[in-house]
Structure formats: C-alpha cells, structure tokens
Amino acid sequence: MKRNGENSPKKRSKQLKPHKLDLSGRKLTDRELKKLISRSSECVEELDLSHNCLTTLPEGEYLETLKVLDLSHNRLGSVLFLRQCRSLQQLNIDENVKLLASDRHIAVHMLPELSVLNGEEVTYRPFIDKLHGHLSNKVEDIWRKFSSHMKKHHSEKRNERCISDFRNVVMKDVTGGPKSLSTFKDFLLGEIMNTLITTSEDNSITEHSEHRSPHRVESRAGKENIAPEKLPKLELTYKPCHFLRCHSHNNDIEDENVKIWKCAFEPDTTNKGETTQIVATCGGESVCLIDCSSGHVMKKFTRADEEFYTVAWATVSVGESGHRRDCNILAAAGLGRAIYLLHPEQLIQYCELTGHRAAIQSLEFLPDNPTRLISGSDDMTMIIWDIDILSFDAKLTYRKVKILHAPSCILHTYSPAGCELTVAATDSGCYGWSTSNSSLNRSPALEYVLPFQLLDRSFTHSEVICDGLVPIR
C-alpha cells in the first residue's frame with residue numbers, strides 16, 4: 001500500500017533536482033507545449049521557450065519554481081499568465097509585437113522578485129509603487145463614500161448594481177500616470193477595486209453568517225455625490241455592415257488571437273486627396289485588400305514567416321516618357337525586418353527592401369515626394385529610402401538616402417506636407433528630425449515636451465511612451 005501523499009505533486013517536486021529545460025526554436029503552439037510539460041518540468045528553474053508560436057503558458061507547479069524564463073520571439077498578447085511565477089528573477093518577452101509598455105509594467109508589478117526584464121535591469125519599480133499608492137488613495141476615498149451610504153439588507157441584485165456603480169465612478173474619475181500606460185493604470189485600478197470588494201464581502205460573511213446566508217454589503221451610491229452622470233442619448237449615423245476574420249493563422253476561423261495592427265485606404269489616382277472603397281489591412285501573416293462596399297476580400301498577400309503590422313500607400317507615375325500614368329503601390333512590413341513593395345492589382349511582391357536590424361513598426365511615404373519612403377524600427381533608427389519606379393515590369397532600384405537615429409524604439413511617424421520635417425512617436429517621447437538633403441544631423445533636432453511632463457517633473461524618459469500621432473487640421 002502507498003502512504004498518504006506519497007505520490008502527490010508536492011512530494012515529487014521535493015525529490016527532483018532543479019534543472020534547465022530548453023525548448024526553443026521548435027515552433028511550438030500552446031497545445032503542443034501543454035503535451036510536453038510533464039513530470040520532468042516540475043522542478044525547472046530555467047526555461048527557454050524562445051522562437052516558438054506561443055500565446056500563453058499551461059498552468060502547473062513548474063511555474064512556481066521558475067527563476068529564469070525566456071519567451072522572446074513568440075506571439076504573446078498578455079502577461080497575466082505569469083502571475084503564478086512568484087519566484088521569477090529574469091524574464092525575456094522581447095520581440096512579442098502584441099505586447100505593449102503596459103504589459104512590461106504589469107509583469108514587473110506581478111513579479112516581486114523580478115530584477116532583469118528583456119536583458120535590462122528593472123529600474124522603474126519605484127515609479128510603479130508610487131503610481132499604485134496614488135491610485136489606491138483615490139480609490140479608497142471613493143469606496144469610503146460608498147460605504148458610508150451602505151444598507152446591509154439590500155437584495156443581491158441591488159448589491160450588484162452598487163458594485164457596478166462603484167467601478168464606473170473609479171474608471172471614469174481616477175486618473176494617474178501617462179496616457180501611454182493607460183492599460184497598466186486600468187489593471188491597477190481593477191486590482192485595487194477587487195481587493196476592496198472582496199474584503200468587504202468577507203467582513204459581511206463574518207458578521208451575518210449566524211443569522212442568514214451572506215450578501216454583499218456594498219450599497220448603491222447616493223445620487224447627490226457618487227452616481228456617475230447619465231450620458232445623453234446619441235443618434236448613431238453609422239451601422240456595421242460587414243464582419244470579417246481574414247487574418248487568422250492558417251485560415252483558422254476559430255483563431256481569435258491575431259490582431260489587426262493597421263489599415264489604410266487606397267488613394268484615388270483620378271481624384272487627388274480622395275480615397276477609393278479599397279482598404280489595406282495587416283495583421284498576423286497576411287495583408288488583405290478589402291472592398292468596403294461589398295465586404296469581399298479581393299486580394300491577400302501571405303508570408304508564413306512574417307508578422308505584419310504596418311502598411312502604407314503611395315501614388316507614383318510609371319511608364320516611359322510621354323506615356324506615363326499614375327499608379328498606386330503598397331508597402332508592408334513587420335517582425336521580419338524587411339519591407340515588401342506590392343503591386344495592388346495582383347497583390348504580388350515585386351521588391352524587398354532590407355536594412356533594419358529589428359522589427360519595423362512604421363511606414364510612411366513622404367507627401368511631397370511619393371518615391372521617398374520612411375521606415376521606423378525597434379532598432380531605434382529611421383531609414384529614408386529613395387525608390388525608382390519606371391515600370392512594374394522593369395527591375396526596381398532603390399537606395400538608402402539617410403539613416404536617422406532615435407533614443408528608443410520608433411512606433412509611429414508623421415511628415416507634414418510642405419515641411420522638411422518628420423515627427424516620430426517613440427518609447428521615450430516625441431521627437432522631430434530634419435529630412436532635408438542638406439541636413440547632416442542624424443539625431444533629433446527637436447524634442448516635444450508633453451503637458452503631463454510639465455505638470456509632474458518626476459516622470460523620466462523611460463516612463464514617457466508615445467505610440468501614435470494624428471494630424472489636426
């Protein structure tokens with residue numbers, strides 16, 4: 001007979017010696033990894049899962065013993081599954097294009113022992129603690145106002161309405177941190193609210209367990225101070241016409257993980273400044289041309305080794321002298337570090353531009369010179385390309401005009417017409433470069449200070465992230 005607990009997971013873990021497990025470069029999916037995680041991985045301290053196709057990790061006791069984890073070059077869309085890795089000291093989640101700065105902050109907050117992230121020392125934990133304390137004080141103030149109006153014998157339905165009102169007020173009124181970390185802020189607010197609500201429910205159970213089945217004790221907010229304002233009814237002037245899922249991995253209709261990173265409407269070659277009904281979308285391994293009037297996917301360009309997340313259109317003049325005509329070209333790029341120039345009528349690749357050393361986040365044709373293309377990358381550079389297009393039948397030639405250097409990863413660029421200037425949103429703020437041929441300066445000529453930086457001087461460059469630019473006319 002076996003003794004009680006002899007073969008329990010905890011007993012077996014104690015008998016195994018810590019070891020390292022390397023499963024990198026196997027193109028593993030979530031399902032395949034779950035099959036591989038077995039008894040041999042129960043006491044793993046170092047786990048290398050880089051260069052696979054993972055979106056999460058299977059649950060298990062092996063997560064509790066991990067100290068070093070490499071998940072770089074995968075398809076992660078969240079880091080919440082790391083919550084169980086309480087002993088983790090080193091983590092690499094680099095080259096997961098769906099992860100944002102907020103995800104890195106969430107990982108640091110959840111993992112108290114984490115000291116190295118993506119190969120760099122974690123230096124912004126004091127900022128996280130400061131922000132958490134700031135938000136906690138504000139949420140607790142709102143909660144106290146709710147608690148002072150509580151009626152202990154509310155029905156379950158009214159208690160649920162009360163919780164909903166409390167959450168709505170917090171999400172609407174509580175602010176803090178830069179907008180680029182809004183997802184991280186919302187994560188902290190949710191965590192703080194859940195703690196307060198759970199504590200209140202536990203106290204309610206203790207107080208009323210002898211008399212009746214426990215109810216939640218939160219009450220509806222008093223209308224005079226707490227209830228959120230009712231928004232006026234708005235008449236919608238649009239309605240959704242088509243719902244498409246055309247970027248799924250291997251055309252799997254059940255794939256809900258692939259995200260659409262960018263879309264751009266095709267310019268109208270016969271009416272300058274206008275667009276057609278055709279929109280180019282990119283995400284996952286494909287670029288699609290979609291007719292918005294019919295909802296049909298007209299063309300699809302696919303590369304199994306790519307993760308596309310930026311596209312750009314340009315109208316260029318092609319053909320021999322005296323017989324030239326305007327024609328559109330489409331540029332696409334992503335994790336593969338190459339730029340693909342596509343013929344929109346057939347959506348076939350007729351040129352590939354290489355030069356970046358990391359994922360390409362942004363593409364833009366200069367409005368005053370459509371044969372000039374600017375690409376922004378995670379390698380902290382922007383390359384200005386000159387593309388010579390005589391004919392789609394002839395061999396295209398291109399050259400690098402200039403390489404501009406940024407202080408951090410470039411996420412988006414904007415070049416206003418009539419101005420030899422390019423503005424870039426980066427991981428450490430917003431900067432401007434001169435694109436003039438006569439300018440020899442490759443570093444930013446301008447730095448744009450954002451309003452919240454002026455209000456709170458405690459923010460460092462590592463805490464200021466700009467990930468979008470929109471022109472206002």
Side-chain angles (χ1 to χ4, degrees), residues 262 264-269 272-275 280 282 287 308-319 321 324-334 337-344 349-392 394-406 410-426 430-446 469-471:
K262 189 172 182 180
F265 278 90
E266 179 188 33
D268 189 340
T269 57
K272 188 175 181 180
E274 300 296 327
T275 63
C282 66
V287 175
F308 289 106
Y309 48 91
T310 182
V311 290
W313 288 96
T315 302
V316 296
S317 183
V318 298
S321 179
R324 300 184 72 82
R325 63 184 180 91
D326 286 341
C327 184
N328 290 324
I329 60 172
L330 179 65
R337 309 174 186 180
I339 302 170
Y340 308 96
L341 296 184
L342 308 176
H343 192 306
Q349 173 188 330
Y350 66 93
C351 187
E352 181 177 325
L353 284 61
T354 57
H356 282 292
R357 293 175 288 103
I360 299 171
Q361 298 276 6
S362 175
L363 291 175
E364 179 193 17
F365 286 95
L366 294 181
D368 297 327
N369 190 349
T371 62
R372 290 284 175 94
L373 173 66
I374 294 184
S375 57
S377 171
D378 282 350
D379 64 10
M380 300 189 293
T381 67
M382 287 189 298
I383 299 179
I384 302 178
W385 308 83
D386 184 72
I387 304 169
D388 186 11
I389 305 175
L390 295 177
S391 168
F392 289 118
K395 185 178 180 180
L396 180 146
T397 60
Y398 65 88
R399 65 186 179 93
K400 297 178 186 177
V401 176
K402 185 182 292 187
I403 300 178
L404 304 175
H405 298 279
I410 297 170
L411 305 177
H412 194 82
T413 65
Y414 171 66
S415 303
C419 180
E420 294 181 324
L421 175 73
T422 290
V423 181
T426 77
C430 191
Y431 302 88
W433 287 259
S434 171
T435 55
S436 170
N437 289 334
S438 60
S439 175
L440 300 177
N441 190 6
R442 299 176 183 271
S443 299
L446 299 169
L469 295 169
V470 177

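Quick caveat, the model's predicted, so the values are computed rather than measured. Sequential numbering from 1 along the given sequence is applied to the chain's residues.
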> Between the main-chain N or O of H356 and the side-chain N or O of R337, is there a donor-acceptor pair closer than 3.5 Å?
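Pair absent, no side-chain N/O of R337 close to backbone of H356.
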> With sequence neighbours excluded, tell me which residues meet side chain to side chain contact (heavy atoms under 4.5 Å, CB included) with A264.
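Only V311, W313 meet the side chain to side chain contact (heavy atoms under 4.5 Å, CB included) criterion with A264.
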> Side-chain contact test, heavy atoms from C-beta onward, threshold under 4.5 Å: evaluate it for T310 versus Q361 and give yes or no.
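No, side chains not in contact.
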> Kindly give the heavy-atom pair with the smallest separation between A332 and V287, and that separation in Å.
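Heavy-atom minimum between the residues: CB-CG2, 3.8 Å.
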> In Å, rounded to the nearest 0.5 Å, how long is the span from OG1 of T426 to CG of L411?
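Answer for the OG1-CG pair, T426 versus L411, is 7.0 Å.
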> Using side chain to side chain contact (heavy atoms under 4.5 Å, CB included) as the criterion, list what pairs up with A406, not counting sequence neighbours.
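With neighbours one apart ignored, the set is I410, W433.
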> I329 vs F365, test: side chain to side chain contact (heavy atoms under 4.5 Å, CB included). Steps then yes/no.
CA-CA 10 Å; I329 60 172; F365 286 95; 3.9 Å; yes
> Which residues pass the ring pair (Phe, Tyr, Trp, His ring centres under 6.0 Å) test with Y398, sequence neighbours left out?
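Per chain and number, Y398 pairs via ring pair (Phe, Tyr, Trp, His ring centres under 6.0 Å) with W385.
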> Taking all heavy atoms of P416 and all of P367, pick out the closest pair and write down the distance.
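Minimum heavy-atom contact is C-CG, 4.1 Å.
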> Under a 3.5 Å threshold, yes or no: a donor from one side chain and an acceptor from the other, between T315 and N328?
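A donor-acceptor contact under 3.5 Å links the two side chains.
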> Do we see a donor-acceptor contact under 3.5 Å between the side chains of T413 and S362?
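S362 and T413 do have a side-chain donor-acceptor pair below 3.5 Å.
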> Of all heavy-atom pairs between R357 and D379, which one has the smallest distance, and what is that distance?
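Looking at all heavy atoms of both residues, the closest pair is N-OD2, 2.9 Å.
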> Under the side chain to side chain contact (heavy atoms under 4.5 Å, CB included) test, which residues partner L421, sequence neighbours left out?
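Applying side chain to side chain contact (heavy atoms under 4.5 Å, CB included) to L421 gives C419, V423, L446, Y448.
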> Apply side chain to side chain contact (heavy atoms under 4.5 Å, CB included) to T371 and list each qualifying residue two or more places apart in sequence or on a separate chain.
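If we apply the side chain to side chain contact (heavy atoms under 4.5 Å, CB included) test to T371, skipping adjacent residues, the hits are V316, N369, D386.
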> Find the distance between NZ (K400) and CD1 (I384) and round it off to the nearest 0.5 Å.
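Nearest 0.5 Å value for the NZ-CD1 distance: 12.5 Å.
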> Do T275 and P267 touch side chain to side chain, with heavy atoms closer than 4.5 Å?
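Side chain of T275 against side chain of P267, heavy atoms only: no contact under 4.5 Å found.
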> Calculate, to the nearest 0.5 Å, the distance between atoms CD1 and CG belonging to I383 and L353 respectively.
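So the gap between those two atoms works out to 9.0 Å.
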> For T354 and A338, which heavy atoms make the closest approach, and how far apart are they?
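Nearest pair, atom of T354 first, then A338: CG2-CB, 4.1 Å.
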> If we ignore hydrogens and angles and just use 3.5 Å, is the side chain of S377 paired with the main-chain N or O of A359 as donor and acceptor?
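Indeed, once roles are kept as given, a pair shorter than 3.5 Å links the two residues.
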> Please report the closest heavy-atom contact between T422 and S415, naming both atoms and the distance.
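Between these two residues, the closest heavy atoms are OG1-OG, 2.8 Å.
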> Suppose we screen for side-chain hydrogen bond (donor to acceptor under 3.5 Å, both in side chains). Which residues come up paired with H412, at least two apart in sequence or across chains?
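By the side-chain hydrogen bond (donor to acceptor under 3.5 Å, both in side chains) rule, H412 matches no residue at all.
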> Atom OG1 in T435, atom CZ in R372: separation rounded to 0.5 Å?
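The distance works out to 8.5 Å.
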> Could you state the interatomic distance from CD1 (I387) to CG (L341), rounded to the nearest 0.5 Å?
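Atom-to-atom, I387:CD1 and L341:CG are 5.0 Å apart.
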> For S375 and I360, work out which heavy atoms get closest and say how close.
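Here S375 and I360 meet closest at CB-CG2, 4.3 Å.
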> About how many Å separate OG of S317 and CZ of R325, when rounded to the nearest 0.5 Å?
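Spacing of CZ (R325) from OG (S317) equals 9.5 Å.
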